[in-house]
Structure formats: structure tokens, C-alpha cells
Enquirer: 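Here it is, the structure, as C-alpha cells.
Note that the structure is a prediction, hence the values are computed from the model and not measured. Chain letters run A, B, ... following the sequence lines, proteins first and then strands; every chain starts at 1.
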There are 2 protein chains.
Amino acid sequence: MAHEDHKDIVKEIKGTMPDADTLFELADFFKVFGDSTRIRIMCALFEKELSVCCIADIVGMEQSTVSHQLRVLRQENLVKVRREGKQSYYSLEDEHIQKIFEMGLEHIME
Amino acid sequence: MAHEDHKDIVKEIKGTMPDADTLFELADFFKVFGDSTRIRIMCALFEKELSVCCIADIVGMEQSTVSHQLRVLRQENLVKVRREGKQSYYSLEDEHIQKIFEMGLEHIME
DNA sequence: TGAACATATGAACAATTATTCATATGTTAT
DNA sequence: ATAACATATGAATAATTGTTCATATGTTCA
């Protein structure tokens, strides 16, 4: 134990924090934003819905890679799919995404 | 090439996206939020500045682990340090953090 | 100066994850 | 039904990353 009021502070702060499960979920959610391929995919989808092959060309990666990452985005409810003929069209599912992007961009621009 | 307008769409979207470097930086920034230990550290710091040993006790991890993660947070300008005697006191450096947390929490609560 | 304590750092290990290749599934048109 | 195309998925690999132990650095006080 370090300083005089250590114990009190630990107890005080612990009381104010969301439960561990919630913070675990939160970390998992942000993990999705922590990859540049996924960031670029989401960024592309800001404009409009896109087919998988368009996304692959835009971000310059294999169709397979993009499919895998789209699955990750789907699992976290960040994008939704729509089938039209042979193509799958993906679009953003959540308006929080843009705000989170803005916050992030503001931060790194400082 | 997939559908009729594939090429046009790819060109159009590419034109609207921030440059690759920026998006890479953005991903690196969000990567910091993608770990539950760091999330819990930031969450604890919402209340007030804390010493390393308090933080370690609050999140229930080794002092060493916490020090390593605080360095990561420092490198991304998310926290700042203040020495007072033997202790180092850390605090949040950026008001964006709280907003990003809020957005994330709102998302996972749906 | 040296002992005691708080924090930081380096090296090693375990675990997670992004990417690719190969292939399966799903869809359309002949 | 079969060919042609778009997308999804499984397995393998390479790379990144979080944690811990051991130890170094920094600070206070006797």
C-alpha cells in the first residue's frame, strides 16, 4: 500500500465504475475501430452502400480479406447487408460511427 | 470487375476519403481503446487523477502491467503525468475521451 | 551514503489477430 | 443442369500485442 489515503481512494473509485462486463464489451467494440482496413471500409461506407467487390478495390485488398472484415463489422452491428442478385451490398448500421470518427479525427489533428 | 458502374463508384468513393496516412493514424488511436485494461484505467481516471499504485489496485493488475499501459496512453496523448514525491499521478489529457466512451456505451446498450 | 519505497523498462512468453490461398456456397442466365 | 460470377468460409501463417518476472531508475528520509 502506497500513500496515506490509498485504500479510501481505491474504494471510492471502484464504486463509480461501470461493471467489468460492460467495460469488457466496450473494449471489444472499440477493438473493431483499431484496424486500418476496417477503418477504411467504414470510411468508404460513409458515402453510400457498396458491394464487396467495390470495397475490395477501394481499400486495395483481397476480396477474401474484405469479406472477413465485413463479418467482424457485422458481428458488432456496425454494418448490415442486402443481397441484390450476385452482389452483397453493405451499409453502415449506426449513426454513432460517424461521431466516433469525428472525435478521433479531432484528437489526432491536435 | 463486377457490375456495370463498378469503376465509376470506386473512383468516386476514393475521391471522398481522407488520405491513407490519416486513416492509419486513426486506427492506431482507436487501437488504444481496444483493450479492457486500458479502458478500465481511463474509466478510473474520469473521476480524478490517480497514482500508479491506486490504479493497479483498482483494475486488479500488476503495477508493471499498469505502467506499461500508461505508457501506451501517454504516447497517444490520452493521459499526462505529474510527479509528486515518490508517486506519479496520472490524469486524462483530452475531453474527447469521455465523448468517445459515451458513444461506445450508447452503441453497446442497444 | 544507504535503505526503503514507487515507478519504469527490458526480455520472454502466450495469446490474439490480420491476411492469404484454396475452396465452398449462393445466384443468374443459358 | 451447367457454366460463370460474387461472396463467404476454413485452415495456415506471420505479425502484433498484453502480461509477467526481474531489474533498473528515481525519490525520500534517516
Enquirer: Taking atom types as they are modelled, would you say the side chain of Ser51(A) forms a donor-acceptor pair with the base of dT7(D) within the 3.5 Å cutoff?
Expert: no
Enquirer: Once you round it to whole Å, what is the distance between C1' of dA18(C) and CD1 of Ile39(A)?
Expert: 15 Å
Enquirer: To the nearest Å, give me how far apart CZ (Arg82(A)) and P (dT27(C)) are.
Expert: 14 Å
Enquirer: Is the distance from OP1 or OP2 of dT19(C) to the nearest side-chain N or O of Thr37(A) less than 4.0 Å?
Expert: yes
Enquirer: Check the distance between dT7(C)'s C1' and Ile41(B)'s CD1 and give it to me in whole angstrom.
Expert: 14 Å
Enquirer: Is a donor-acceptor pair below 3.5 Å formed from side chain Ser67(B) to base dT9(C), judging by atom type as modelled?
Expert: no
Enquirer: Hey, could you give me each pair passing ring pair (Phe, Tyr, Trp, His ring centres under 6.0 Å) that has a residue in residues 48-68 of chain A? Not counting sequence neighbours.
Expert: none
Enquirer: Counting only side-chain nitrogens and oxygens, does Gln69(B) get under 4.0 Å of the OP1 or OP2 atom of dT19(D)?
Expert: yes
Enquirer: Check this for me, if you would: do Arg82(A) and Glu84(A) make a salt bridge, where the nitrogen-to-carboxylate-oxygen distance has to be below 4.0 angstrom?
Expert: yes
Enquirer: To the nearest angstrom, how far is Lys80(A) atom NZ from dT7(D) atom C1'?
Expert: 19 Å
Enquirer: Charged N to carboxylate O under 4.0 angstrom, Glu12(B) versus Lys48(A)?
Expert: yes
Enquirer: Ion pair present between Asp8(A) and Lys11(A), side-chain N to carboxylate O less than 4.0 angstrom?
Expert: no
Enquirer: Test your reading of the model: is there a side-chain donor-acceptor pair from Arg71(A) to the backbone of Leu73(A), 3.5 Å cut-off?
Expert: no
Enquirer: So does Lys31(B) get a side-chain nitrogen or oxygen closer than 4.0 Å to the phosphate oxygens (OP1/OP2) of dT17(D)?
Expert: yes
Enquirer: Does dA8(D) have OP1 or OP2 sitting under 4.0 Å from an N or O in the side chain of Tyr90(A)?
Expert: yes
Enquirer: Restricting to side chain to side chain donor-acceptor pair (under 3.5 Å), what partner residues turn up for Arg40(B), sequence neighbours left out?
Expert: none
Enquirer: What nucleotide, of dA8(D), dC21(D), dT7(C), holds the atom closest to the side chain of Arg74(A)?
Expert: dA8(D)
Enquirer: Quick one: which of dT7(D), dC21(C), dA18(C) gets closest to the side chain of Asp35(A)?
Expert: dA18(C)
Enquirer: Does the ring of His68(A) meet both stacking tests against the six-membered base ring of dT19(C): centre distance under 5.5 Å and plane angle under 30°?
Expert: no
Enquirer: Taking NZ from Lys86(A) and P from dA29(C), how many angstroms apart are they, rounded to a whole number?
Expert: 7 Å
Enquirer: Check whether any side-chain N or O of Arg71(A) sits under 4.0 Å from OP1 or OP2 of dT9(D), and answer yes or no.
Expert: yes
Enquirer: Are Arg38(A) and dA18(C) close enough that a side-chain N or O sits under 4.0 Å from OP1 or OP2?
Expert: yes
Enquirer: From C-beta outward on Met61(B), which listed nucleotide comes closest to its side chain: dT20(D), dA8(C), dC5(C)?
Expert: dT20(D)
Enquirer: On DNA chain C, does the nearest nucleotide to Asp28(A) precede the nearest nucleotide to Ser64(A) from the 5' side, or the other way round? Give the residue.
Expert: Asp28(A)
Enquirer: Does dA6(C) have its OP1 or OP2 closer than 4.0 Å to a side-chain nitrogen or oxygen of Ser88(B)?
Expert: no
Enquirer: Rounded to whole angstroms, how far apart are CD on Glu84(B) and P on dT28(D)?
Expert: 10 Å
Enquirer: Rounded to the nearest Å, what distance is computed from the CD atom of residue Glu62(A) to the C1' atom of nucleotide dA12(D)?
Expert: 15 Å
Enquirer: Without decimals, in angstroms, what is the distance between Arg83(A) CZ and dA8(D) C1'?
Expert: 9 Å
Enquirer: Mark yes or no for a side-chain to base donor-acceptor pair under 3.5 Å between Gln63(A) and dA8(D), with no hydrogen or angle criteria applied.
Expert: yes
